Amino acid sequence: MALHVPRAPGFASMMKDGARFFSGLEEAVIRNIGACKEFAETVQTCYGPNGMNKMVINHLEKLFVTNDAATIIRELEVEHPAAKLMILGSQMQENEVGDATNFVIIFAGALLRASEELLRMGLKPTEVAEGYEMALEKAIEVLQTLTCYEVKNTRDEESVMRAVRTAVMSKQYGNEDFLAKLITQACISILPDKETQFNVDNVRVCKILGSGLTSSQVVQGMVFRRHAEGTVIKKDDCKVAIYTCPVDALQTETKGTVLIKTAEELTNFSRGEESQLEAQIKAIADSGANVVVAGGKFGDMALHYINKYDMMAVRLMSKWDVRRLARATGATALPRMTAPTAEEMGRADSVYVDELGDSEIVVFKVGMKESRVSTIVIRGSTDNFMDDIERAVDDGVNVFKGLCKDGRLTAGGGATEIELARQVAAWGETHPGLEQYSINKFAEALEIVPRVLAENSGVKPKEVISKLYAAHSEGKQNMGFDIDGESGEIKDCLESNVLDLLLAKQWALKYSTNAAATILRVDQIIMAKRAGGPKPRDTSGGMDQDDD
């Protein structure tokens, strides 16, 4: 008879073998704070124009060289549950505003670092979290008063460029003016009549190797790195028929055997197939379509008839691109090869094949009001470089979307944070309860922004912060850290056009404080034993044409 080994009493006796359990301040709370601090320190070296790049190799062995926090987070598979909470906050910021994702993680890390001292002093985690939430309310209230510039008209290139430039600057320092101009042109050209309906997905990016960044340009319409299938390579003022199926002779669904006895029967049989295909292509041509776009392959015989009826054929490899083109041209993507009705056809001003570098591209120029799409064609020497430019463009476009909702801007370069810290700290001293400690720590944590900017630029952060406090106490609210200065100079960020979206700051403060407060309120971690078998496939994250 097997010897029965008794289990240790306590919580472990309830759980399966292999389950792990941590509880109490030291084991759970401090441990969580430690993990989040580590993670925040990793990401904070990427912050600002002088931030360092990270080289990330994901689970598919794809290489990323970037200082974009959103990309780094997405590609790193972080296991720790508390660090995951910070990441969720940062991803929400990415979805909500599309910029300031790094700020969420850095600020949440700073709040947790400050809370560790308070917990060691003897405050309860819930008291610290409550103090942080009170400070957040005050900070958002103060933030509304710190607007230093407002974009009244989102169709005015000059004022929009001022806002977009800073977002691009943190990713591509040195190229910000050129890129901001491209992004502004692309966004304004497709702005619908109701500005709030601006869709980020309508600004496409097409990366083509070769030349240099300054050869990049904006094309009205959609650009695909494909070649035309048939012999026709240009069509003006055309109607577009879009199919998600292959354009070819239809295969029958059931298998059948055909017995052919004579040569005549054989010619009749193949001619029947040809005439049937010709009838289908002729029906498409008769409906008025000049361009046929398909998500599947074009058969040789079908191409012959498409050329015969003088239509242009374009094949798109990605189903996402088929959908986008359908939206851009106002067409309906048809699942079967039938002649499109007038409503199902889209229209384009011109469709033509062009050549950039050694890549052939197909350009769909669309001039309609509601369904306009513009494409920024990026040129560059390496794929990694162009990927990074694409991320900068993405941030710029998201800032434009934010401007459409709320055009208020605050001073960048750590100016807004220092002013918030100053006012929140002064407000915290009027509180009699224990919350005042955590309110002061919240104000201290706000100093992390100028501190990180200074550290990444190789300047002593304490000098910069004391200079900023001195300037702000004299009432110069827009004084921020000067990135270009030699040794920790400060400058007026409004004059030097370093401006941040008020909306981005507001959401970033909310998400980071919520994440920090949630992590502080955890007192036990219970981890069940891992299930065996292969890992489930990760279906989160953006689906795009790269995923096909």
Side-chain angles (χ1 to χ4, degrees), residues 34-58 61-78 80 83 86-87 90-91 93-94 98-110 112-113 165-176 179 213 378 380-396 412-414 417 445-465 480-490 493 498 500 504 508 512:
C36 295
K37 277 197 318 193
E38 287 286 320
F39 188 65
E41 277 162 21
T42 309
V43 186
Q44 77 183 29
T45 52
C46 304
Y47 191 67
N50 289 341
M52 304 294 279
N53 281 350
K54 297 272 183 263
M55 199 178 262
V56 180
I57 298 167
N58 71 358
E61 297 198 356
K62 188 177 176 192
L63 171 72
F64 294 86
V65 181
T66 178
N67 60 1
D68 178 35
T71 308
I72 296 167
I73 295 161
R74 193 171 58 241
E75 299 308 329
L76 284 179
E77 291 190 354
V78 177
H80 197 284
M86 276 167 71
I87 288 172
S90 179
Q91 283 171 344
Q93 175 75 8
E94 172 74 6
D99 195 17
T101 44
N102 205 337
F103 176 80
V104 173
I105 289 181
I106 292 173
F107 186 54
L112 291 168
R113 191 178 295 115
R165 187 174 166 272
T166 314
V168 177
M169 199 173 178
S170 67
K171 298 278 180 294
Q172 286 297 324
Y173 189 39
N175 301 324
E176 65 271 4
L179 280 174
L213 177 62
I378 294 175
S381 48
T382 64
D383 282 330
N384 276 326
F385 173 68
M386 291 195 296
D387 286 344
D388 227 26
I389 300 282
E390 184 182 6
R391 289 180 201 114
V393 168
D394 194 46
D395 273 12
E417 283 78 9
L446 281 163
E447 293 169 13
I448 191 82
V449 174
R451 174 176 281 119
V452 169
L453 286 173
E455 278 173 4
N456 290 350
S457 306
V459 179
K460 287 180 184 164
K462 283 188 176 165
E463 283 181 23
V464 174
I465 290 173
F481 174 58
D482 183 6
I483 291 282
D484 307 316
E486 285 301 310
S487 55
E489 275 103 34
I490 59 174
C493 289
V498 179
D500 285 337
S512 47

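Bear in mind that the values here come from a model prediction, so they are computed numbers and not experimental data.
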How far apart are the closest heavy atoms of [X] and [Y], and which atoms are they?
X	Y	answer
Ala100	Ala504	CB-CB, 4.3 Å
Met86	Leu112	SD-CD1, 4.5 Å
Ser457	Phe481	OG-CE2, 3.6 Å
Val168	Glu176	CG1-CA, 4.0 Å
Ala70	Thr101	N-OG1, 3.7 Å
Leu453	Gly414	CD1-N, 4.1 Å

Could you tell me if the side chain of [Y] sits less than 4.5 Å from the side chain of [X], heavy atoms only?
X	Y	answer
Ser170	Tyr47	no
Glu455	Thr45	no
Ile448	Gln44	yes
Tyr173	Ile483	yes
Asn456	Val452	yes
Val56	Thr66	no
Asn53	Cys46	no
Phe385	Gln172	yes

Could I get the full list of side-chain hydrogen bond (donor to acceptor under 3.5 Å, both in side chains) partners for Thr71, not counting sequence neighbours? Asp68, Arg391
To the nearest 0.5 Å, tell me how far [X] [atom1] sits from [Y] [atom2].
X	Y	atom1	atom2	answer
Ile389	Asn384	CD1	CG	12.0 Å
Lys462	Glu447	NZ	CD	11.0 Å
Glu417	Asp500	CD	CG	7.0 Å
Leu76	Ile72	CG	CD1	7.0 Å
Leu213	Met386	CG	CE	10.5 Å

Mind listing the side-chain donor-acceptor pairs of residues 34-41 below 3.5 Å, one per line with the distance, residues two or more places apart or on another chain?
residue: Lys37; atom: NZ; partner: Glu116; partner atom: OE1; Å: 2.7
residue: Glu41; atom: OE2; partner: Arg113; partner atom: NH2; Å: 3.4

Donor-acceptor pair, Gln93 side chain versus Asp99 backbone, under 3.5 Å? yes
Could you check Lys171 against Asp395 for salt bridge (charged side-chain N to carboxylate O under 4.0 Å, His left out), going step by step and ending with a plain yes or no? CA-CA 9 Å; Lys171 298 278 180 294; Asp395 273 12; 3.1 Å; yes
Stepwise, does the side-chain contact (heavy atoms from CB on, under 4.5 Å) test hold for Met52 with Asn67? CA-CA 6 Å; Met52 304 294 279; Asn67 60 1; over 6 Å; no
Please determine whether side-chain contact (heavy atoms from CB on, under 4.5 Å) holds for the pair Val65 and Leu63, giving the CA-CA distance in whole Å, both sets of side-chain angles, and the decisive distance to 0.1 Å. CA-CA 7 Å; Val65 181; Leu63 171 72; 4.2 Å; yes
